[in-house]
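Here is the structure we will look at.
Lettering of chains follows the sequences in order, A, B, ..., and the numbering in each one begins at 1. FYI, side chains are in, hydrogens and waters are out, and symmetry mates aren't considered; it's all heavy atoms of this structure.
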Number of protein chains: 2
Amino acid sequence: MNEPTAVRRRQGRGARERILRAATELFTAQGINATGIEQLSTVAEVSKRTLYQHFRSKDELVVAYLRSLDDAPQPVAPEQPTLAAASPREQLLAVFDWKPAETMAPFRGCPFLNVSVEVPDPGHPAHELAAAKKKRCARRLADIARQAGVADPETLGEQLALLFDGAAARGLALNNRHVMAYARSIAETLVDAALADAGRGSP
Amino acid sequence: MNEPTAVRRRQGRGARERILRAATELFTAQGINATGIEQLSTVAEVSKRTLYQHFRSKDELVVAYLRSLDDAPQPVAPEQPTLAAASPREQLLAVFDWKPAETMAPFRGCPFLNVSVEVPDPGHPAHELAAAKKKRCARRLADIARQAGVADPETLGEQLALLFDGAAARGLALNNRHVMAYARSIAETLVDAALADAGRGSP
DNA sequence: CCTCAAGGATACCGATCGTTTTACATGGGC
DNA sequence: GCCCATGTAAAACGATCGGTATCCTTGAGG
């Protein structure tokens, strides 16, 4: 009992949870290549063995990490109660109100874009998953635009997604969060123009 | 002094040149972390020894690589003869005509943005150099806008830079080059609006 | 001819990576 | 009591990384 070998007590059954949480924290904070299995298992308070019997490899963990991000409440999710009833304009602009977790840490941009850079192979599952996510995001914006009667919803969705990605990438490079505000201002211009045209086209 | 001592004996056949060329090729094609010194020296047709007496470390080579990119003819360079006499509108939009390396290899986006992701530490020289480049690029665009009489040239420059970065990042993620066309179309909208205001403001 | 520095090929170094294995500890169900 | 799946801690693995040292060839200047 008073042995110096006081072993850490068995940590319940949340191992997978904790690993995924640690992955989210470390991958987004310092990148994938800069995060080792050792550090991962330490932060997750899990032995490497346990880690490897939950995820067969680091690659698989990276994919699971992206999936968990995808499932998490999203900036672009219009299903949220506050946004469901909001105006199309607010729904379309909600993406740009994204606040990436901690405010003190250096801004790290969009995890999906970063994975695209950190995993060079375009055929890698993680890379493809990131691409799919980006497409889905643009499509959702296009759907909102379509329901609002915008003339060319696909283009508007693609444009808004591009603005978001630009703010994420540039914000990381300059380590400056208010780049997102620039993106929002451009988005407002585009959205307002598109909605004005829509209103004029079918009154 | 006309070569006093044999300090310039055997000119290394432009070893430094070849190393830098290989770095440009490999770093942009497959990323920095995915490119090892071994492969680098092989492609450059240079022994590791020679490589390390031209660049003290890989970090230093990365910095030199970014510098060489910076010196190379740039998409945003208005000094080029064809652009020097072009209209401000064309000068501002010239960034979006960037064709990266003209190859059929997968689109790899903007090297400076990629370095920001691949080198997580914001204090790293390479990271700071990339940030500086991004700022300089936006400032140059702002200068062109100012000379054209745009009301808020800084904002326009920042917006155009953001659009370019968005196209680069998103183009890599989706492995799709014509994202740049979307960016251009948004840029045209912004530039035309700004120039129209300028013409109206001070006729 | 000989000398000798520049450079090539390659073995080697320590560190770290992702991954596997070994040895032991825990606790619920029989 | 014992069994055994599940867990931890730690060592070890092979591969590869950035970086260094060794040995040998080359070729111009004396």
Side-chain angles (χ1 to χ4, degrees), chain A residues 1-23 26-27 30-66 115 118-121 124-126, chain B residues 1-23 26-27 30-66 115 118-121 124-126:
Chain A
M1 187 92 48
N2 47 2
E3 275 298 312
T5 66
V7 219
R8 183 164 43 226
R9 298 309 273 180
R10 177 93 68 106
Q11 303 272 7
R13 287 242 149 48
R16 195 188 166 91
E17 269 293 314
R18 263 176 293 132
I19 297 169
L20 226 39
R21 189 142 27 96
L26 296 176
F27 283 163
Q30 54 187 4
I32 292 173
N33 293 325
T35 303
I37 296 288
E38 198 81 45
Q39 187 187 9
L40 225 21
S41 58
T42 300
V43 171
E45 290 179 300
V46 154
S47 72
K48 290 210 260 177
R49 178 189 181 136
T50 305
L51 192 152
Y52 271 100
Q53 70 192 33
H54 278 282
F55 304 94
R56 265 176 291 186
S57 68
K58 190 185 181 183
D59 273 15
E60 198 171 298
L61 178 56
V62 170
V63 170
Y65 150 69
L66 289 182
V115 164
E118 290 216 74
V119 183
D121 176 17
H124 190 289
Chain B
M1 310 304 177
N2 46 352
E3 305 290 334
T5 51
V7 74
R8 226 178 200 275
R9 273 280 185 86
R10 176 120 66 98
Q11 182 76 3
R13 298 284 204 268
R16 192 188 168 93
E17 216 24 68
R18 260 177 297 133
I19 296 169
L20 227 40
R21 188 142 27 94
L26 296 175
F27 284 162
Q30 55 188 2
I32 293 173
N33 293 325
T35 303
I37 295 288
E38 200 80 45
Q39 188 187 8
L40 225 21
S41 57
T42 300
V43 171
E45 290 178 300
V46 155
S47 71
K48 285 168 72 172
R49 176 196 173 119
T50 306
L51 192 152
Y52 272 100
Q53 71 191 34
H54 277 282
F55 304 94
R56 264 175 292 187
S57 68
K58 190 185 181 182
D59 273 14
E60 197 171 299
L61 178 55
V62 170
V63 170
Y65 150 68
L66 289 182
V115 164
E118 290 216 75
V119 183
D121 176 17
H124 190 289

Given atom [atom1] of [X] and atom [atom2] of [N], what is their separation to the nearest angstrom?
X	N	atom1	atom2	value
B:F27	D:dG18	CZ	P	9 Å
B:I37	C:dG14	CD1	C1'	16 Å
B:Y52	C:dC13	OH	P	17 Å
A:R16	D:dT6	CZ	P	15 Å
A:I19	D:dT8	CD1	C1'	13 Å
A:L51	C:dT19	CG	C1'	11 Å
B:N33	D:dC17	CG	C1'	11 Å
B:L40	D:dG19	CG	P	11 Å

- According to a strict under-4.0 Å criterion, is A:Q53 in side-chain N/O contact with OP1 or OP2 of D:dG7? yes
- Taking OP1 and OP2 of C:dA6, is either one under 4.0 Å from a side-chain nitrogen or oxygen of B:T50? no
- Message: Tell me whether the side-chain N or O atoms of B:R49 pair up with the base of C:dT10 as donor and acceptor below 3.5 Å, since no angle test is needed here.
- Response: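 Not at all, since no donor on one side and acceptor on the other fall under 3.5 Å apart.
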For the side chain of [X], starting at C-beta, report the closest nucleotide among [options].
X	options	value
A:K58	D:dG7, D:dG18, C:dT19	C:dT19
B:S57	D:dG19, D:dT8, C:dG7	D:dG19
B:K48	D:dG19, C:dG7, C:dT19	D:dG19

- Message: Heavy atoms only, 4.0 Å cut-off, all strands: where does A:T35 land among base, sugar-phosphate and nothing?
- Response: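 If one applies the 4.0 Å heavy-atom cut-off, A:T35 turns out to touch the sugar-phosphate alone, with no base involved.
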- Message: With side-chain contact (heavy atoms from CB on, under 4.5 Å) as the criterion, how do B:L66 and B:F27 come out once you've worked through the C-alpha distance, each side chain's angles and the decisive distance to 0.1 Å?
- Response: CA-CA 10 Å; B:L66 289 182; B:F27 284 162; over 6 Å; no
- Query: Is it true that a side-chain atom of A:E118 and a backbone atom of A:N33 form a donor plus acceptor pair closer than 3.5 Å?
  - Reply: yes
- Stepwise side-chain contact (heavy atoms from CB on, under 4.5 Å) check, B:L20 with B:F55: CA-CA 10 Å; B:L20 227 40; B:F55 304 94; 3.8 Å; yes
- Residue pair A:L40 / A:I19, side-chain heavy-atom distance below 4.5 Å: no
- CD (B:E45) with more than 12 external heavy atoms under 6.0 Å: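 Counting neighbours around CD of B:E45, 12 or fewer heavy atoms of other residues, nucleotides or ligands fall under 6.0 Å, so no.
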- Message: Taking the nucleotide of DNA chain D with the nearest heavy atom to each, does A:H54 or A:E38 sit closer to the 5' end?
- Response: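 Between the two, 5'-proximity favours A:H54.
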